[in-house]
Amino acid sequence: TQEARAAGEPVALLKELLDPICEAGYIDTKVNSFTAAGGVSRTYTAYFLSNKGTRALGSQDPIVLPVPNSLRKVEEIEQRCRDKAIQELRAGGVDLTSIPKDQLENRSGEVYQTQVEWCRRLGRF
């Protein structure tokens, strides 16, 4: 959702995901620099799959890493949105068992959309 995307920048999330993988030794990093036109010096980090990472890719063993805080934040926002949608439907008198569980969880689908539109239409009167 738009609210979930606003919780964090994609680059920040990627960095938050990469840091523990690097710390666990699955990815190696190298800081490189160059001089651009006009004499401006630029530095960047290059990421490489380590030997440990290569072995992990060939293995069926799971790699367990901590859940990033930004991802937890996105999940909390999603849960609040689901809870708000359920409250709206209940307030409109909708029998939640009439909506397929996956549609209710995802807040999408034909049955879900029809029920929400009906509640909102009745709310205008």
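Model, not experiment: these values are computed from the prediction.
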Check the hydrophobic clustering (I, L, V, M, F, W, Y; side-chain heavy atoms under 4.5 Å; chains of links allowed) and say if V67 and L14 are grouped together. no
Only counting residues at least two apart or in another chain, list the ones meeting salt bridge (Lys or Arg N to Asp or Glu O under 4.0 Å) with R82. E105
Heavy-atom nearest pair, Q103 first then G109, reads OE1-C, 3.4 Å
Nearest heavy atoms of E88 and R120, plus distance in Å: OE2-NE, 2.7 Å
Here's a test for you: under side-chain contact (heavy atoms from CB on, under 4.5 Å), which of V31, N32, L18 qualifies with T45? V31
Please check if any side-chain donor atom of D83 sits under 3.5 Å from a side-chain acceptor atom of Q79, or the reverse. yes
Closest non-hydrogen contact found for G92 with C119 is CA-SG, 3.8 Å
So OG1 of T29 and CZ of F48: to nearest 0.5 Å the spacing works out to 9.0 Å
How many angstroms lie between OG1 in T43 and CZ in F34, if you round to the nearest 0.5 Å? 8.5 Å
Which pair of non-hydrogen atoms, one from S50 and one from D28, has the smallest distance, and what is that distance? CB-OD2, 3.4 Å
Is there a side-chain contact (heavy atoms from CB on, under 4.5 Å) between K73 and N69 once you walk through the steps? CA-CA 6 Å; K73 203 179 287 186; N69 288 332; 6.0 Å; no
What are the two closest heavy atoms between Q113 and S108, and how far apart are they? OE1-CA, 4.1 Å
Can you name the closest pair of heavy atoms from G25 and K52 and give their distance? O-CB, 3.5 Å
Are L65 and I27 joined in one hydrophobic group, where the rule is that I, L, V, M, F, W and Y side chains link up if heavy atoms are under 4.5 Å apart? yes
Going from CD1 on I77 to CZ on R72, what distance comes out if it is rounded to the nearest 0.5 angstrom? 14.5 Å
Please go through I99's hydrophobic cluster and name the other residues, only I, L, V, M, F, W, Y counting, with side-chain heavy atoms under 4.5 Å joining them. I86, L89, V94, L96, L104, V111, Y112, V116
